[in-house]
Amino acid sequence: MPDKIPKNLENLFRKARERALEKIPTVEEDYDGPLPPRIQLGDKKIITWYTSPFPEEYIRCLCLYICEFCLQYMKTVKVLKSHYVKCPWHRPPGTEIYHDTVDITPTDRQELIVYETDGNDWKEYCQNLCLLAKLYLDHKTLYYDVEPFLFYVLTRRDKFGDHLIGYFSKVRR
């Protein structure tokens with residue numbers, strides 16, 4: 001591996017990156033609504049209510065694509081589909097603390113599972129969970145300092161995995 005990348009390859013890489021970024025739909029400069037304006041979580045496309053402090057390179061995307069299992073966020077559906085092929089997660093991290101099957105209707109039974117996820121052990125997952133929650137909670141202030149908290153994540157199980165329904169958190173004792 002050479003110590004220095006040839007200038008022509010460096011320029012080629014820069015141009016390819018610029019072209020790729022041009023293809024990502026972004027909001028107009030004068031847009032004053034929530035950022036990002038939409039997310040896709042699994043197969044659900046959802047309009048956001050509030051701005052969440054995602055990193056600058058993601059915040060102005062017209063739609064932010066989120067893996068429903070590991071909660072990693074991406075700029076394009078193509079990257080999301082590629083991620084799903086490689087993502088080893090099919091449930092939240094942590095310990096399963098509750099599992100029950102409930103009758104939603106006489107013909108619809110759902111498996112509900114609650115996981116206890118330690119913010120100290122699963123920092124990135126819990127940060128992403130908080131960023132996601134901020135899109136719908138105006139006064140949410142916890143995003144990055146998740147280590148002192150335990151997160152209780154409610155999921156619905158099907159043949160593909162455990163799908164996020166909601167969560168709450170509390171300070172660890």
Side-chain angles (χ1 to χ4, degrees), residues 27 31-77 79-104 108-173:
V27 296
Y31 175 78
D32 67 349
L35 292 172
R38 284 183 218 92
I39 62 168
Q40 181 171 326
L41 183 65
D43 62 350
K44 308 287 188 272
K45 290 187 179 182
I46 310 166
I47 294 173
T48 61
W49 297 348
Y50 301 103
T51 295
S52 185
F54 284 98
E56 189 63 35
E57 64 268 23
Y58 293 90
I59 196 79
R60 298 201 65 83
C61 292
L62 203 52
C63 184
L64 199 57
Y65 299 89
I66 302 173
C67 173
E68 64 183 317
F69 300 113
C70 73
L71 301 184
Q72 183 176 336
Y73 43 88
M74 291 143 248
K75 296 177 187 177
T76 67
V77 72
V79 173
L80 178 66
K81 287 178 180 179
S82 173
H83 170 81
Y84 274 133
V85 171
K86 297 179 275 183
C87 185
W89 294 30
H90 294 282
R91 66 178 197 78
T95 306
E96 184 179 309
I97 61 170
Y98 177 81
H99 188 144
D100 197 8
T101 302
V102 295
D103 293 324
I104 305 299
D108 184 19
R109 295 178 60 97
Q110 297 280 318
E111 279 187 80
L112 300 179
I113 300 96
V114 175
Y115 293 91
E116 181 180 71
T117 304
D118 190 326
N120 196 44
D121 296 336
W122 299 99
K123 184 176 178 179
E124 185 178 351
Y125 178 86
C126 294
Q127 287 174 341
N128 289 345
L129 189 59
C130 290
L131 288 170
L132 178 61
K134 175 59 179 134
L135 293 168
Y136 302 96
L137 299 171
D138 188 25
H139 297 290
K140 176 107 178 103
T141 57
L142 170 69
Y143 318 115
Y144 297 108
D145 183 27
V146 296
E147 291 92 341
F149 293 88
L150 293 172
F151 293 78
Y152 295 88
V153 183
L154 174 63
T155 65
R156 175 189 53 81
R157 181 170 288 166
D158 67 13
K159 65 183 179 181
F160 300 108
D162 294 358
H163 305 271
L164 177 67
I165 295 175
Y167 85 97
F168 72 91
S169 61
K170 71 174 190 174
V171 177
R172 181 186 305 104
R173 289 185 192 175

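- Using a 4.5 Å cut-off on side-chain heavy atoms (C-beta onward), Y65 and V79 make no contact.
- I66 is not listed as a side-chain neighbour of N128, based on a closest heavy-atom distance of 4.5 Å or more.
- Between G94 and Y115, the closest heavy-atom pair is O-CD2, 4.3 Å.
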For Y73 and L131, what are the C-alpha separation, side-chain angles and deciding distance, and is it a side chain to side chain contact (heavy atoms under 4.5 Å, CB included)?
CA-CA 10 Å; Y73 43 88; L131 288 170; 4.2 Å; yes

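- For E111 against T101, the heavy-atom pair with the smallest separation is CG-OG1, 3.7 Å.
- Between P36 and L62, the closest side-chain pair of non-hydrogen atoms is not below 4.5 Å.
- Within a 6.0 Å sphere centred on OH of Y31, other residues, nucleotides and ligands contribute more than 12 heavy atoms.
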Please walk me through it: do L164 and L71 pass side chain to side chain contact (heavy atoms under 4.5 Å, CB included)?
CA-CA 10 Å; L164 177 67; L71 301 184; 4.3 Å; yes

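- Around the CD atom of E57, the shell of radius 6.0 Å holds more than 12 heavy atoms that belong to other residues, nucleotides or ligands.
- Judged as a salt bridge (Lys or Arg N to Asp or Glu O under 4.0 Å), and not counting sequence neighbours, the contacts of D158 are R156.
- Under a cutoff of 6.0 Å and an axis angle of 45°, K75 and Y58 form a cation-pi pair.
- Considering all non-hydrogen atoms of both residues, I59 and S52 come closest at CD1-O, 2.8 Å.
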Derivation of the side chain to side chain contact (heavy atoms under 4.5 Å, CB included) call for Y152 and T117
CA-CA 6 Å; Y152 295 88; T117 304; over 6 Å; no

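- The local environment of CG in D138 is crowded, with over 12 non-hydrogen atoms from other residues, nucleotides or ligands closer than 6.0 Å.
- For W89, the ring pair (Phe, Tyr, Trp, His ring centres under 6.0 Å) test picks out W122, Y125, with sequence neighbours left out.
- Proximity of Y98 to I113: side-chain heavy atoms (C-beta onward) are nowhere separated by under 4.5 Å.
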Donor-acceptor pairs under 3.5 angstrom involving side-chain atoms of residues 165-173: please list them, not counting sequence neighbours.
{"unit_1": "Y167", "atom_1": "OH", "unit_2": "K140", "atom_2": "NZ", "d": "3.4"}
{"unit_1": "R172", "atom_1": "NH1", "unit_2": "E147", "atom_2": "O", "d": "3.0"}
{"unit_1": "R172", "atom_1": "NH2", "unit_2": "D118", "atom_2": "OD1", "d": "2.1"}
{"unit_1": "R172", "atom_1": "NH2", "unit_2": "D118", "atom_2": "OD2", "d": "3.1"}
{"unit_1": "R172", "atom_1": "NH2", "unit_2": "E147", "atom_2": "O", "d": "3.0"}

For R60 and L35: C-alpha separation, side-chain torsions, deciding distance, then whether side chain to side chain contact (heavy atoms under 4.5 Å, CB included) applies.
CA-CA 6 Å; R60 298 201 65 83; L35 292 172; 3.6 Å; yes

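- Residues forming a salt bridge (Lys or Arg N to Asp or Glu O under 4.0 Å) with K45 (at least two apart in sequence, or on another chain): none.
- Proximity of V114 to V153: side-chain heavy atoms (C-beta onward) are nowhere separated by under 4.5 Å.
- Put simply, the side chain of N120 does not reach to within 4.5 Å of the side chain of V146, judged on heavy atoms.
- Between Y136 and Y50, a ring centre-to-centre spacing not shorter than 6.0 Å is recorded.
- Taking H163 as the reference, F69 meet the ring pair (Phe, Tyr, Trp, His ring centres under 6.0 Å) condition, with sequence neighbours excluded.
- At least one donor-acceptor pair under 3.5 Å links the side chain of Q40 to the backbone N or O of G42.
- When all heavy atoms of D162 and R91 are compared, the pair lying nearest together is OD2-CB, 3.7 Å.
- Under the 4.5 Å side-chain criterion, counting only non-hydrogen atoms from C-beta, P34 is not in contact with L135.
- In this structure, L41 and E68 approach most closely via the heavy-atom pair CD1-CA, 3.7 Å.
- Inter-residue side-chain proximity for C67 and Y84 is flagged as met; some heavy-atom pair is nearer than 4.5 Å.
- Remark: E96 pairs with R157 by the salt bridge (Lys or Arg N to Asp or Glu O under 4.0 Å) rule, at least two apart or across chains.
- Applying the 6.0 Å contact sphere to CG of L137 captures more than 12 heavy atoms from other residues, nucleotides or ligands.
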